[in-house]
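Along the sequence shown, residues carry numbers from 1.
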Amino acid sequence: MGGEYKREEGGMCNIPQDFADNKIGSCPFCKAESPGWLTREEWKMIGSNNFYFKCPKCESEFMVLKDDVTGLSFTKNSYSGKQKAKAGKKMNVPYVTIVKIGLRVKTPQNMMLKDEEIPLPMLKKICRGEE
């Protein structure tokens with residue numbers, strides 16, 4: 001398992017923190033505009049490492065493969081890209097797994113998303129009520 005969640009401020013190039021702040025942006029569940037995402041990395045012996053993101057406002061947590069965060073999986077020239085293509089996933093889209101939905105924002109509808117891996121844009125649409 002990875003370390004503790006933390007917020008990295010002021011770094012020159014902090015890829016997971018930039019991804020959380022700019023790509024995830026507002027929390028899909030509590031709708032906080034700039035929640036101040038917390039991040040942590042989980043290392044694996046084989047396969048892609050995972051980045052975890054936690055909204056400090058509602059305690060919801062997401063997991064994204066490191067190669068989706070960095071964009072390495074967006075090309076079929078990489079191993080992770082080949083795996084993504086083989087699974088029929090969209091190549092240039094990060095996929096998010098909902099690890100936990102915060103207690104105060106849990107609803108019967110969004111609880112069905114727990115443990116699901118879905119494209120980030122689709123998660124945002126679902127949580128806005130567009131899907």
Practice task
Following the transitive rule for hydrophobic clusters with a side-chain heavy-atom cut-off under 4.5 Å over Ile, Leu, Val, Met, Phe, Trp and Tyr, establish whether I24 and I15 coincide in one cluster.
Solution key: yes
Practice task
Could you pull out the closest heavy-atom pair between C27 and C58, with the gap in Å?
Solution key: SG-SG, 3.7 Å
Handout entry: Same apolar cluster (I L V M F W Y, side chains within < 4.5 Å links), M122/L120
Key = yes
Exercise for the section: Specify whether F53 and F19 have parallel, tilted or perpendicular ring planes, treating 30° as the upper limit for parallel and 60° as the lower limit for perpendicular. Expected result: tilted
Fill in the blank from the handout: Rounded to the nearest 0.5 angstrom, the CD-CD1 distance for E116 and I98 is 7.5 Å
Exercise for the section: Could you tell me whether the side chain of S73 and the main chain of D67 form a donor-acceptor pair under 3.5 Å? Expected result: yes
Handout entry: NZ/K31: more than 12 non-hydrogen atoms of other groups inside 6.0 Å
Key = yes
Problem - For G81 against M91, the heavy-atom pair lying closest together - result: O-CE, 3.4 Å
Exercise for the section: Give a yes or no on whether K89 atom NZ has more than 12 heavy-atom contacts from other residues, nucleotides or ligands under 6.0 Å away. Expected result: yes
Exercise for the section: Would you indicate whether the side-chain heavy atoms of P56 and Y5 approach each other to under 4.5 Å? Expected result: no
Handout entry: Donor-acceptor under 3.5 Å (T75 side chain, S78 main chain)
Key = no
Exercise for the section: Output yes when D68 and K84 qualify as a salt bridge under the 4.0 Å nitrogen-oxygen rule, no when they do not. Expected result: yes
Fill in the blank from the handout: dist R7:CZ -> L38:CG (nearest 0.5 Å) comes out at 7.5 Å
Problem - T97 (side chain) donor-acceptor with V99 (main chain) under 3.5 angstrom - result: no
Practice task
Over all heavy atoms of both residues, which pair between V69 and P16 is shortest? Give the atoms and the distance, please.
Solution key: CG1-CA, 4.1 Å
Exercise for the section: Please say whether the positively charged group of K66, taken as NZ for Lys or CZ for Arg, lies over the ring of W43, i.e. under 6.0 angstrom from the six-membered ring centre and within 45 degrees of the axis. Expected result: yes
Completion exercise
dist S34:OG -> N22:CG (nearest 0.5 Å) comes out at 9.5 Å
Practice task
Answer yes or no: is there a donor N or O on one side and an acceptor on the other, between the side chain of N110 and the main chain of V105, under 3.5 Å?
Solution key: yes
Practice task
Give the C-alpha distance, both sets of side-chain angles, the deciding distance and a yes or no for side-chain contact (heavy atoms from CB on, under 4.5 Å) between E4 and R40.
Solution key: CA-CA 6 Å; E4 295 294 314; R40 72 177 175 88; over 6 Å; no
Exercise for the section: Evaluate whether atom NZ of K114 has more than 12 neighbouring non-hydrogen atoms of other residues, nucleotides or ligands under 6.0 angstrom away. Expected result: yes
Handout entry: Check: Y52 ring centroid to W37 ring centroid under 6.0 Å
Key = no
Practice task
Any chance you could measure E61, atom CD, to C55, atom SG, to the nearest 0.5 Å?
Solution key: 10.5 Å
Practice task
Could you tell me the separation between the CD1 atom of I118 and the OH atom of Y95, rounded to the nearest 0.5 Å?
Solution key: 10.0 Å
Practice task
For the pair L72 and Y79, evaluate side-chain contact (heavy atoms from CB on, under 4.5 Å) and give the outcome as yes or no after the intermediate values.
Solution key: CA-CA 9 Å; L72 187 62; Y79 174 77; over 6 Å; no
Exercise for the section: Report yes or no: do F29 and I126 belong to one cluster of Ile/Leu/Val/Met/Phe/Trp/Tyr joined by side chain heavy-atom distances under 4.5 Å? Expected result: yes
Exercise for the section: Check step by step if side-chain contact (heavy atoms from CB on, under 4.5 Å) holds for L65 and N50. Expected result: CA-CA 4 Å; L65 293 177; N50 300 325; 3.1 Å; yes
Problem - Salt bridge flag under 4.0 Å for residues K54 and E59 - result: yes
Practice task
Without swapping roles, check the side chain of T39 against the backbone of Q17 for a donor-acceptor pair under 3.5 Å.
Solution key: no
